[in-house]
Each structure stands twice: as structure tokens, then as C-alpha cells.
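As the structure is a computational prediction, the values presented were derived from the model and not from experiment. Just so it is clear: chains get the letters A, B, ... in the order the sequence lines come, proteins before strands, and each one is counted from 1.
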Protein chains: 2
Amino acid sequence: MASIKDVAAAAGVSVATVSRVLNAHPSVSAEARSRVLAAVAALGYRPNAVARSLRTDQTHALGLVIGDVLNPYFTELARSVEEAARALGYSVIIGNADERPDLQDHHVRTLLDRRIDGLLVSPAPGDSPLLLDAARAGTPVVFVDRWIPGADVPVVRADGRRAVRDLVAHLHLLGHRRLAIIAGPAGTTTGSERVTAFRDALAAYGLPLTDELIGHGDFQAASGRRVTEGFLDLPEPPDAVFAADNLMALGALDAIRARGLRVPDDIALAVFDDIPWFVHTDPPITAIAQPTGELGRAAVRALVDRIEGRAAESVTLDARLVVRRSCGAPAPVLIPPTSPIRRSTPVQRSTP
Amino acid sequence: MASIKDVAAAAGVSVATVSRVLNAHPSVSAEARSRVLAAVAALGYRPNAVARSLRTDQTHALGLVIGDVLNPYFTELARSVEEAARALGYSVIIGNADERPDLQDHHVRTLLDRRIDGLLVSPAPGDSPLLLDAARAGTPVVFVDRWIPGADVPVVRADGRRAVRDLVAHLHLLGHRRLAIIAGPAGTTTGSERVTAFRDALAAYGLPLTDELIGHGDFQAASGRRVTEGFLDLPEPPDAVFAADNLMALGALDAIRARGLRVPDDIALAVFDDIPWFVHTDPPITAIAQPTGELGRAAVRALVDRIEGRAAESVTLDARLVVRRSCGAPAPVLIPPTSPIRRSTPVQRSTP
DNA sequence: CCTCCTTGTGGAATCGTTTACAACGACGTG
DNA sequence: CACGTCGTTGTAAACGATTCCACAAGGAGG
């Protein structure tokens, strides 16, 4: 593959001049510029990004470590992140943690070894000293969706508390009183926050959230199935189930189907995270929708701000309830605008 | 960040010795080895992959360019590719083409600039001289799922012809005679092959596939909706629609719903590519399933073979029909094993 | 005792860039 | 005419690793 030396030789100039032309340095004559450009075209020369990175100490690459590529929520997030990053001249390297802390660490480590300019992470359950050390050592890090409390790292996330309250109101109105939740891993913020939000919302109606009605899942389909089977085996099963993510809802649907039960007649189902397929399930599923695209864009903005030496701000956006038929509403109703679309809290860090 | 020089200084040896320890070179004394290892641990040293790549001319990274990250088929493929690559000591950098040739070229170019060791591509519609030139110039390339005819590049794919025949037999048995297809872009092999397979299968029953019953989509949901609306507007609409990928099926379902029609009573629906959600749609959707995981693994094997100087073989696996209720079968039937799971054709190249 | 081989080690070149620095003409000005 | 300034260029030193080569020390064998 042609190198800058070949170009310099072909154009009859030094490598410094070639470099200057390529980097739009002002002081190079029109004559030299055109000779270099001609040589570049003739040789099909492309600068070696590896060498360039070594010299400049920047890769123009961002690492994105997500919980699970098979989860449409993360996939949509990844897409918006890549798009926003590309617009700013960065590429994105995705690492799929599969909800496993060890795999997450593997990806963080290889991304760090490759000297990515910054890291966007939706941390898997657990502490990850590796990640925290990297952040402390100066690698620009931004958390997105999930975060690790106590770290001095900006967080870009959605607050679902209002939407959860709306959901509980909706369920209560439809007569459901015994409500259960399939929680995510307690080691993740989204895992525990959603339970807390649900419990608080229930409390407003004087409804308790007893331990038997909290199932512990891991954000993947199989766990949703297992937990739901447990619920259905209870002496007094719940009459509504709230899954903390879409994959666990899929599992719940499986378990309910397998018993020959019907949604919503025998049991209601609602989900955190809305995805296109929920319109088409039997029945269409009531869900809490995050502003996923905006989260991705805000996260990239924050990370690139940190990378380029500006102050990065934490951002919290609002989620909203999308009512469909899985909780027993007679017909789909219009989605009410529940709250201002966006709230931004400038100085907030990991311990909001 | 600590460099190899710091380690050498801390251990009281030369950088050459540190390098030898790190690369398990045999001739280094136990004494020196332990001093180096201690220094590495003390400094938290990690070798700079950028510098290493520049020197060794290999990055241990594979590029994977897929049609669309939002498509669960590609997402599953990406997952299995990453897993297989990791097992062989490679990482994977994913590029999402969004079905756009220009975006595909963008990703191919940046991956090439980053000097990835090899490229796995499911090409978007069009020729992509860039890609073909790279392959010709010696970059190891393997096509997966889709391919570009005429290139001397190994192909790893599934052959759906038998499954399509099974599907048409199934539809015919259920009384459907006027069958339509939502095709993918003619510029992709999967786009045109699936139409051909469908036409051939219909011909065996003496059924024609007229132009009005071939809709041209782009593998994304919106086009499925548009094409289906066109079908429904025909003086004599089809009584069954076959979507060439799962996203277009989603769009078709939207369009059918919007008219207040029911699947399968008013119109039957079948899909190429099976995904977990199809079990839960209303009704569950009959689909042709590819052995996606095995495709990913075979593709990585082939690419790494090429990278490491061994001969790479093209691989063709079989897809199979999964019958559910969207074509009107009274109840789900057991899935018959239609054919041997796997067929491998050793010397086949891009012009099979 | 001298030679030869083996083993362990360090010096230095190298990969393909960027960039500080110096050199060099041309030119305007006092 | 001398001198500073400006614009353009090339030389060479990095960046952080790997690896070729030379060399020293020590043991084996004649």
C-alpha cells in the first residue's frame, strides 16, 4: 500500500509538504499543492490512520459498550450514537457486554488498548473498577442510560418516574390491584430505579409491593419467562405484570402463552422501553417509551465536549407512557402529552 | 499513560527485554521476566495497540459492514460474528450501512484507513468499486448473506430455494392462488434471488408471478408499508403476500392493519428471516429461518483463514420453513425437517 | 587453553505519520 | 545597500512498539 513517501517521490516534494497539503496547512504553494493532489489521486493514496494516531495521540474513535446487542433498545441507541458521532468526525466501535461484567471489562480493556478517544458506557451489573480507574486516570467517559453511582462521570439518561406513575394510574383505573414487577439486575441503576419508581407509584394508591411480587431478572428473555412462571405459580397470582425491559416482556409473554392464558383478560402486561414490534404483538403492548435517539445524540455531545476539553453536562430527559391494549383498555386511546419533553440539569453528576 | 520505556526503566532492563517478556519470547531469564512482570503490574502498564499495529502491520480487528443495525437478522449475525472472532483473538468493528451505498462506502473506507485485518461485508445495493478494488488489492474480504457476483471473494450464505418451495406448497395447500412478493432491492443478491426462487416455486404449480404482484422495497419497514398499500389498491388484490425480509413484513402488517383487514382471514403473510418477535405477533408469522449463528461463525472462519494465509472456502447452508398461523393453517404444525441442515460447497466462489 | 555454541541482553532501525526548526529566496523598507 | 519579514520548503525528531544484529558470558568439547 502506498505511503506518504511514495506520494512525496511522485510529486517531487518532501513528505512534510505532502502532509501539509493533506492537513490543509496554509503555507504551501498552489503549485506544490496541485502536484501533491495529482500524485495522491494517481497512487490512490490513503493516509494510514494507525500511524497518524500514534503520532497525534488521537484516534477519532469512540467506544460504545452496551448491555446487549440483541435488545432493540440498545440497537436504536447505537444507531443514533453512530450517526451523531459521524457528524462530528468520529467513528464508533461497539462492544456488546451481553449483560456480563466480565465481557464488559473485556471490551473496555480492548477499547482502551486501542486508545479510543472516549468511552460511552451503559454499565452491566457490578462495580467495574477497571472502568472507574480509566475514568479517574483521565479517559473521557460518559454514562448513558445506566450509570454507576459515586463516579465523577457525566450521565445521560431518561427519568421514567413520571411515566411509571402514569402507568400505575392507568392500571389502577382499569381495576388492577395486585401488581407485580419483573426487575432488572439490582446491580444496575435502571434495574433498581424502576422498582423504586414502581413501588412509590403504588404507594400513592395504598398498594404494597411485597417481595413475592418482585421478580429478579437480568434484562434477558429467559429470565422474564422464569420470573413470570414463578408469579403464575403463586397461590394468588398478580393480575398485572410490569416488565423492566422489552426482552423480559418477551419472556413473560412466552410464559403466559405456555399456560394457555390470555393478555389482558387473564393477566395484564406492561413494559419499560417501547419498540416497533409492540404495535404488532397480540395484543399490542402498553409501554414506556424513552427518547432513545435524543439520548444517543446528547451522550455523544457530552462525550465529545469532554474529549475536546469543554465541560460536559449530565442530561436527564423524560420518558412517556404509550397506552395500547395489553392492560385491558377497551381501545387504544390518544397518547396524552404527559410532561415537557425535555429537562436538562446542567451540573448534575453521577450522584443525582 | 505508561509506555514500554517506563516499564524498562522500572525493571532495570532494556525495552527489548520488556517486549520479549510481553510476547513470550523464549530467550529471557527467569530473573528478568519476574522483574518486568512486577514493573508491569506496578505501573498498570498496557501495551499501546496503535504502536504495535504500526510496527507489526496487523490490527487483530475485523470490519463487519451490515445492511441495517435495526434489523434483528443483522444484529444476530453481528453477535455471532463478534463471538467467533473473539474466540480467535480478533475484535470486530461494526459499520451500519443503513442500506445506503454511500454510507457503506464511508464505512469501508474508514475501516480500510484503520487497517483492519479483514472485511466481512453484506453489500448494500450497487457495485461498490471501492470494495472490489480493496479485495483486488489484497485486503482479505468475505461476503456474508449477500454478495456481489463476479468478484473473486468467498461467500458465506444461506440458500432459501428449498424453503421457498416449501412455503409455496404450504400456501397452495391452504388454497392461496394469487401470491405477491415484496422484493428487496434488485441490486442485492438476496433481493433478486428471493424473487427468482419464489417465481420458480410458483411455476411448479402453474401460477404466474406477474409484474403487478412484484413490489419493490428496500428491506426497510416503510417500503413494506408502501408496497403493501399498492397491492391492496389493485383491482384484484393478492390473497397472500411474501415479504423478503422481516422489516418489510412489519411495514406490511402496518398497512394491512391500517385498512382494518385481518391476517390471515383477509390476506396471508409470510416472511423471509425468522426472529423471536414473530412468535408473538398477531397472528404468529410463518417465516423462513436462516441458520444465522452458523453463518456468522462460518464467515469468521473463512475470513480468518484468508487473513492467516490459508485457503478460504465458500459455504452455503440451508434455510428452513417455520410454519405458524399467518397463512391460515388451522393450528401450528410441527416443523418438518425439510433437508439436511448443512451443505458445504468447497470451491464455490462469487459466481455460484 | 583455545574455540565454538548457546543463552541472555541491549542498541538501533523501523513502521507512517506530524511538526518544530532551520534554511532560503524574494521582497519591501529605511 | 543592508536588513528584517514573509512565505515556502526540507530535514529530522518524535510517537511506542517489534525485531535484527552484535556482543558478552559461560559451558562444553577438542
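- Picking from C/dT18, D/dT18, C/dC15 the nucleotide with the shortest atom distance to the side chain of A/K5 gives C/dC15.
- Residues satisfying the side-chain hydrogen bond (donor to acceptor under 3.5 Å, both in side chains) test with B/E99, not counting sequence neighbours, are B/R146.
- Note on the helix from C/dC1-D/dG30 to C/dG30-D/dC1: angle between the axes of the first and last five pairs equals 60°, rounded to 10 degrees.
- In this structure, B/R114 atom CZ and C/dG16 atom P are separated by 18 Å, rounded to whole Å.
- The stretch residues 38-63 of chain A participates, sequence neighbours left out, in these ring pair (Phe, Tyr, Trp, His ring centres under 6.0 Å) pairs: A/H60-A/Y90.
- Contacts of B/N71 classified as side chain to side chain contact (heavy atoms under 4.5 Å, CB included), with partners at least two apart in sequence or in another chain: B/D68, B/Y73, B/F74, B/D245, B/N246, B/L247.
- Counting only residues at least two apart or on different chains, the salt bridge (charged side-chain N to carboxylate O under 4.0 Å, His left out) pairs with a member in residues 25-40 of chain A are A/E31-A/R35.
- Rounded to whole angstrom, the span from the CG atom of B/L22 across to the P atom of D/dT19 amounts to 12 Å.
- For residues 128-143 of chain B, the pairs satisfying salt bridge (charged side-chain N to carboxylate O under 4.0 Å, His left out) are B/D133-B/R136, with sequence neighbours left out.
- Of all heavy-atom pairs between B/D127 and B/I148, the closest is O-CD1, 3.3 Å.
- When the side-chain hydrogen bond (donor to acceptor under 3.5 Å, both in side chains) test is applied to A/T139, no partner is found at least two apart in sequence or on another chain.
- Here the closest heavy-atom approach between residue A/L303 and residue A/P140 is recorded as CD1-O, 3.6 Å.
- Annotation: proximity of residues 41-57 of chain B to DNA chain C (heavy atom, distance under 4.0 Å) is found for B/L54, B/R55, numbered in ascending order.
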All N/O contacts under 3.5 Å from nucleotides 8-11 of chain C to the protein, with atom names and distances to one decimal?
| unit_1 | atom_1 | unit_2 | atom_2 | d |
| --- | --- | --- | --- | --- |
| C/dT9 | OP1 | B/S29 | OG | 2.8 |
| C/dT9 | OP2 | B/S29 | N | 2.8 |
| C/dT9 | OP2 | B/S29 | OG | 3.1 |
| C/dG10 | OP2 | B/S14 | N | 2.9 |
| C/dG10 | OP2 | B/S14 | OG | 3.1 |
| C/dG10 | OP2 | B/T17 | OG1 | 2.6 |
| C/dG10 | N7 | B/R20 | NH2 | 2.7 |
| C/dG10 | O6 | B/R20 | NH1 | 3.2 |

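- Rounded to an integer number of Å, the gap from A/R115 CZ to D/dG16 P is 9 Å.
- Sorted by first and then second residue, the pairs that involve residues 44-60 of chain B and meet salt bridge (charged side-chain N to carboxylate O under 4.0 Å, His left out), not counting sequence neighbours, are A/D113-B/R46.
- In this structure, B/Q58 atom CD and D/dA17 atom P are separated by 16 Å, rounded to whole Å.
- Residues meeting the salt bridge (charged side-chain N to carboxylate O under 4.0 Å, His left out) test with B/R86, sequence neighbours left out: B/E82.
- Annotation: side-chain hydrogen bond (donor to acceptor under 3.5 Å, both in side chains) contacts of B/N96 (sequence neighbours excluded): none.
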